[in-house]
Amino acid sequence: MKAAFAGPLERVDSCCYRIPKSYRADMRVDGLIFANDALIESVKKDQAPDQVANVATLPGIQGASLAMPDIHWGYGFCIGGVCATDPAEGGVISPGGVGYDINCGVRLVKTNLFWDDVKHHVRSLVKGLFHTIPAGAGRGGRYKFDAVETRRLMAQGPRFVIDRDLGVPRDLTHTEADGLIPDGDPDQVSDHAVKRGAEQCGTLGSGNHFLEVQVVDSVFDADVAKAFGLELNQVCVMIHSGSRGLGYQVCDDALAAFRNCPAKYGITLPDRQLACAPAESPEGKKYIAAMRAAANYGFTNRQLLMQQAREVFAAEFGRKWEDLGMELLYDVAHNIAKLEEHVVDGKRKRVWVHRKGATRAFPAGHPELPDVYRAVGQPVIIPGDMGRASWVLVGAAGSMERTFGSTCHGAGRAMSRTAAKLQAAGRRIDKELESKGVIAMASSRMGLAEEQPAAYKNVDHVVDVVHEANLSRKVARMRPVGVIKG
DNA sequence: ATGTTC
């Protein structure tokens, strides 16, 4: 067990705590952790708050070093962290602030089916999904691309596969950034990374990645739910995956390339894992170009996962996926750094917003939102755990005022993987889930143990905080009925 | 998260 946080946590309001910059001489800004009085107790138990303070020392950081209520310890930066840096003030870019899984994210696919239509098909659907969609570490899939095609895929994003009839053009407008982060450069991605990615597009991966069949079990905002096309008892498919070995390798390559940057650019770091370079330095620019290309691979991976799920549903119900209403609600990235315009201390600035386990949550009216959602706000997709719930929220105005347009990304771990495995010894997690009405298939028993519901905080409590803080508002709660995992 | 310690 890691040591508990020993520094000050001042209560700002009912859903926010502050680590004042006076805590340490090297902090340039405050740390702010969004949590209520109950959640902050679990937050204090590990060193994630120390990581929030560490991030507050980075050159060019703006506003505050931020953390969402699903905060937990990660590589250098905590997971659930948000940090914005101004390149005009020597602001840095840091691979640890994005995460190893570049453009890990989640998409929600709607259907026109209801629970009564699906309840006798769940076991068959889960089997079909499990045998169609490759899952597990290192697994390749049915879509194989050579190096040239993989680089083209990174330059074009999901459009590359949609042009090959693996989806439809309207999938793009329902993906963050229209499924294409501009100015990605596949030539900045190493041959090694490309090779790892060439066979893995359209595969789920392992760890917390999943594909779930879910049912809308509560609607909290009827108007927004209607605008999103969601209603009570409707069946949806949620997909959580990232950029697989390709993104991992891009991160690893960048960490190696950044090793001497702190000395070269005169940056003092409290933790070597915060390796970073000025965003406008040659090293910074190279990572940004490669990270953007890897992000486009991540969107494409989820596009191919969705397409396979559409095929499985079509086969199960003997109807085309279009006739089953399998439309994409939205796809969001929760591990990424993006250049965005924000108002800081009354001044409009272009800043590098690092979201590591945090979701963009732009409110109604934001110019970057697609036409379909500009009047209502961005759909925010929040995966929970495989036994309890996941959520659809909508971006709210408070995010622009307090968190650089960001909200939480999930439930957040409450138990280490090791602790979860110990807890699961002698138990059958799949049987326990089945007794609660969830059919789960996983390629690894151990994986299922590490991901058991009790390993996570209750996502409802996390969502309560971001709702109350007005970072994003509750729209609908989904309960899982079928799960496939790596 | 990850060819889960190239």
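These values consider heavy atoms only, across backbone and side chains, with no hydrogens, waters or symmetry-generated copies. In the text below, chain A, chain B and the rest are named by the order of the sequence lines, each starting its count at 1. This is a predicted model, so every value here is computed, not measured.
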Counting the benzene-type ring for Trp, do [X] and [Y] have ring centres under 6.0 Å apart?
X	Y	result
A/Phe145	A/Phe160	yes
A/Phe228	A/Tyr373	yes
A/His240	A/Phe210	yes

[X] [atom1] to [N] [atom2], straight-line distance once rounded to whole Å:
X	N	atom1	atom2	value
A/Arg244	B/dT4	CZ	C1'	12 Å
A/Lys421	B/dT4	NZ	P	13 Å
A/Asp252	B/dT4	CG	C1'	13 Å
A/Ile102	B/dT2	CD1	C1'	12 Å
A/Asp101	B/dT4	CG	P	15 Å
A/Glu451	B/dT4	CD	P	18 Å
A/His192	B/dT2	NE2	P	14 Å
A/Tyr75	B/dT4	OH	C1'	16 Å

Residue-phosphate contact under 4.0 Å: A/Ser206 side-chain N/O, B/dT4 OP1/OP2: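 Checking A/Ser206 against B/dT4: no side-chain N or O falls below 4.0 Å of OP1 or OP2.
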Hey, does [X] reach any base, or is it just sugar-phosphate, or nothing, if we go heavy atoms under 4.0 Å?
X	result
A/Gly207	sugar-phosphate
A/Gln200	sugar-phosphate
A/Gly245	sugar-phosphate
A/Ser243	nothing
A/His240	nothing

Strand-adjacent residues in residues 380-387 of chain A, judged by heavy atoms under 4.0 Å from DNA chain B: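 By residue number: none to list.
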Rounded distance (nearest 0.5 Å) linking atom CG of A/Leu153 with atom CZ of A/Arg164: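 Output value for this atom pair is 8.5 Å.
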Residue list, ring pair (Phe, Tyr, Trp, His ring centres under 6.0 Å) with A/His409, at least two apart or on another chain: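 Counting only residues at least two positions away or on another chain, A/His409 forms a ring pair (Phe, Tyr, Trp, His ring centres under 6.0 Å) with A/His334.
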Identified salt bridge (Lys or Arg N to Asp or Glu O under 4.0 Å) partner of A/Asp171 from the options A/Arg310, A/Arg302, A/Arg159: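 Exactly one pass, corresponding to A/Arg310.
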Salt bridge (Lys or Arg N to Asp or Glu O under 4.0 Å) pairs, two or more places apart, involving residues 94-109 of chain A: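 Found A/Arg107-A/Asp331.
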